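Just so it is clear, the model here is predicted, and its values are computed rather than measured.
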Amino acid sequence: MLDIKQIRDNPEAVRSRLELRGAGEGDGVPRILELDEIRRKGVAQVEALKSQRNKASKEIGALMGQKKFEEAEARKQETRELGDQIAALDKAVAAAELERDALLLGIPNLPHASVPEGGSAEDNKEIRTWGEKPAFTFEPQSHVDLCDRLQLVDFARAAKISGSGFLLYTGWGARLERALIQMLLDLHTGEHGYREVSPPLMVGSQCLEGVGQFPKFRDQYYGVAEGDDREKLGRLYLIPTAETPVANIHREEILPESQLPIRYCAYTPCFRGEAGAAGVGTRGMIRVHQFDKVELIKIVKPEHSYAELESMVTHAEKVLQLLGLHHRVVLLCTGDMGFASAKTYDIEVWAPGQGSYLEVSSCSNCEDYQARRMNLRFKAQDGQNRFPHILNGSGTALARLFVALIETHQQPDGSVKIPEALQGYLKSDRIPAA
RNA sequence: GGAGAGGUGGCAGAGUGGUCGAUUGCGGCGGUCUUGAAAACCGCUUCGGGUUCACGCCCGACGGGGGUUCGAAUCCCUCCCUCUCCGCCA
């Protein structure tokens with residue numbers, strides 16, 4: 001969340017940054033300031049009363065000690081009324097604070113100065129491209145046809161088991177998925193300096209709130225229940241990304257400065273309800289309720305975060321380069337960024353069978369926005385507790401990578417050629433034609 | 001799921017209604033002594049909030065929330081978590 005002090009000191013600057021993200025999002029600010037004022041006035045009042053009460057209580061204690069019970073009783077009588085006033089004021093302060101914080105949680109991060117202004121994906125800026133669209137001597141097939149023909153994914157039976165939007169990988173398909181996960185983890189831990197972690201796949205709501213997925217986007221995630229206990233429904237949620245558990249690993253901690261930077265890498269499945277999302281119901285693997293992803297998370301000192309963002313993008317790109325996949329890096333405009341992000345690069349891979357680019361990675365610097373929400377700090381040299389910057393990036397999403405890979409490397413004979421970097425993991429240089 | 005024990009400062013561990021934000025030990029930091037180090041001795045060692053130009057002053061926090069009381073780490077209620085034993089189980 002944003003720093004209340006920043007909003008207090010410079011509300012107009014905050015509002016104009018928020019406006020760049022899209023209409024109406026700055027609207028909470030006046031009310032927040034109002035509530036903040038009410039809270040601070042109340043706090044000053046109630047604390048003066050508490051100070052009074054504390055003094056009186058000590059005096060009563062002293063009187064009791066001297067066995068002056070009648071005097072003590074008289075003082076108690078006087079002080080009783082103070083207690084009632086305090087209770088009432090405390091309540092009012094808590095209510096103002098609760099409403100203020102609820103509004104604060106609904107405000108997205110401010111875009112970084114280097115982010116281009118714009119309202120939609122149209123205004124995103126292409127930064128660079130790698131490789132070229134492959135030329136085919138035949139009409140390239142879509143991954144859906146390739147998966148059917150090579151029996152890599154059984155769409156129909158997945159739907160029978162779990163409904164639409166789920167995948168049943170089979171044979172070479174299952175093996176390819178596993179090989180990709182292994183290759184990506186080895187790359188990021190071995191070459192890029194990340195520490196591998198394997199987190200819980202169900203998390204409490206405080207983790208979703210910590211990274212900014214709650215409370216605004218409640219409807220997008222799967223809540224689970226234990227047995228038929230409706231009471232317990234929603235105490236845990238299936239993770240929409242490894243970012244949710246991994247970025248929260250150090251929540252509510254004060255890290256020694258020497259521990260930074262922290263770089264984590266995690267493979268997990270990701271679960272998304274995708275209520276109302278465009279493209280739900282699309283045939284194939286592009287948008288599904290469950291997919292695999294290898295995620296990168298960094299917790300760094302504020303002064304290093306933008307350099308760390310650039311290197312993170314190159315780490316994700318390396319995956320595509322090793323697999324020989326044409327891609328481009330796009331800088332998202334103010335209107336297209338995620339809620340918690342200050343600056344985001346997307347990496348889009350070319351999928352010849354689709355005739356379009358697919359987003360396989362999104363690398364974001366959330367600055368201190370998430371650290372504030374999860375109260376994660378580090379102790380700086382000067383003894384001050386400061387909020388670190390938290391970055392997340394896909395390195396990369398697997399289902400779409402799978403799509404781009406088989407569509408790009410499909411051969412005239414119906415087989416799929418496997419890039420050299422992956423051959424050791426798949427233990428084959430091709431997926432044979434059926 | 002059943003029975004029991006427990007959650008206090010970086011760690012260990014006291015404290016069961018009145019200057020207890022908390023005895024003590026360890027660790028850590030600074031200092032004295034020393035050529036240097038060790039030992040010994042002395043001091044410091046949590047976090048949030050309000051207010052102030054600042055020094056400072058004040059309020060809150062002993063797993064979370066609520067209650068009793070003039071006053072709660074301490075009493076009551078409730079939730080969460082950890083440990084031990086039993087049951088079930090990949």
Would you list the atom pairs, donor with acceptor, under 3.5 Å between side chains in residues 106-115 of chain A and any protein atom, with sequence neighbours excluded?
from, atom 1, to, atom 2, distance (Å)
A:Asn109, ND2, A:Ala340, O, 2.9
A:Asn109, ND2, A:Cys366, O, 3.1
A:His112, ND1, A:Ser114, N, 3.1
A:His112, ND1, A:Ser114, OG, 2.7
A:Ser114, OG, A:Lys343, NZ, 2.8

Worksheet item: Roughly how far apart, to the nearest Å, are B:rU8 and B:rC62 at atom P?
Response: 12 Å
Fill in: Between B:rU69 and B:rC89 - C1' atom distance, rounded Å
49 Å
Worksheet item: If the P atom of B:rA73 is compared with that of B:rG64, how far apart are they to the nearest Å?
Response: 12 Å
Discussion item. What's A:Arg8 touching, base or sugar-phosphate or nothing? Going by heavy atoms closer than 4.0 Å.
Written reply: sugar-phosphate
Discussion item. Looking only at the aromatic ring of each residue, does the gap between the centers of A:His315 and A:Tyr194 stay below 6.0 angstrom?
Written reply: yes
Worksheet item: So does A:Glu257 pair up with A:Lys379, basic N to acidic O under 4.0 Å?
Response: no
Fill in: Where RNA chain B forms stems, i.e. three or more consecutive Watson-Crick or G-U pairs with both distances under 3.5 Å
B:1-7 with B:80-86, B:10-12 with B:24-26, B:27-32 with B:40-45, B:46-51 with B:56-61, B:63-67 with B:75-79
Worksheet item: Is any side-chain N of the basic residue among A:Glu308 and A:Arg263 closer than 4.0 Å to the acidic one's carboxylate O?
Response: yes
Discussion item. I'd like the C1' distance from B:rA72 over to B:rC77, given in whole Å.
Written reply: 15 Å
Discussion item. Please classify the nucleic acid contact of A:Lys379 as base, sugar-phosphate, or nothing, using heavy-atom distances under 4.0 Å.
Written reply: sugar-phosphate
Discussion item. Does A:Arg75 reach a base, just sugar-phosphate, or nothing at all? Heavy atoms under 4.0 Å.
Written reply: nothing
Worksheet item: How would you label the contact of A:Thr79 with the nucleic acid (heavy atoms, under 4.0 Å): base, sugar-phosphate, or nothing?
Response: sugar-phosphate
Discussion item. Distance check, C1' atoms only: B:rG21 and B:rA14, in whole angstrom units.
Written reply: 15 Å
Worksheet item: Considering only the P atoms, how many Å lie between B:rA5 and B:rC75, rounded to the nearest integer?
Response: 15 Å
Worksheet item: If the P atom of B:rG63 is compared with that of B:rG7, how far apart are they to the nearest Å?
Response: 8 Å
Response to the item:
For residues 39-50 of chain A, the salt bridge (charged side-chain N to carboxylate O under 4.0 Å, His left out) pairs (sequence neighbours left out) are A:Asp36-A:Arg40, A:Glu37-A:Arg40, A:Glu37-A:Lys41, A:Arg39-A:Glu97, A:Lys50-A:Asp90
Worksheet item: Would A:Lys417 and A:Asp429 pass as an ion pair if we require N to O under 4.0 Å?
Response: no
Worksheet item: Quick one: salt bridge (charged side-chain N to carboxylate O under 4.0 Å, His left out) pairs with a partner in residues 146-161 of chain A, sequence neighbours left out?
Response: A:Asp148-A:Arg283, A:Asp154-A:Arg157
Practice prompt. Output all residues satisfying side-chain contact (heavy atoms from CB on, under 4.5 Å) with A:Glu12, sequence neighbours left out; order by chain, then residue number.
Written response: A:Arg15
Item to complete: Anything under 30° is parallel, anything over 60° is perpendicular, the rest tilted; go ahead and classify A:His188 against A:His192.
Response: tilted
Response to the item:
Its 5'-most and 3'-most nucleotides having an atom under 4.0 Å from a non-hydrogen atom of chain A, RNA chain B is contacted over B:rG18 to B:rC80
Worksheet item: When all nucleic acid strands are considered with a 4.0 Å heavy-atom cut-off, which category describes A:Leu82: base, sugar-phosphate, or nothing?
Response: nothing
Discussion item. Which is more 5' along RNA chain B, the nucleotide nearest A:Met64 or the one nearest A:Gly383? Just name the residue.
Written reply: A:Met64
Practice prompt. Report the residue (A:Gly83 or A:Ala44) whose heavy-atom-nearest nucleotide on RNA chain B is the more 5′ of the two.
Written response: A:Ala44
Worksheet item: Looking at the rings of A:Phe214 and A:Tyr237, which for Trp means the six-membered one, are their centres under 6.0 Å apart?
Response: yes
Worksheet item: Using atom P of each nucleotide, how far apart are B:rU32 and B:rA37 to the nearest Å?
Response: 11 Å
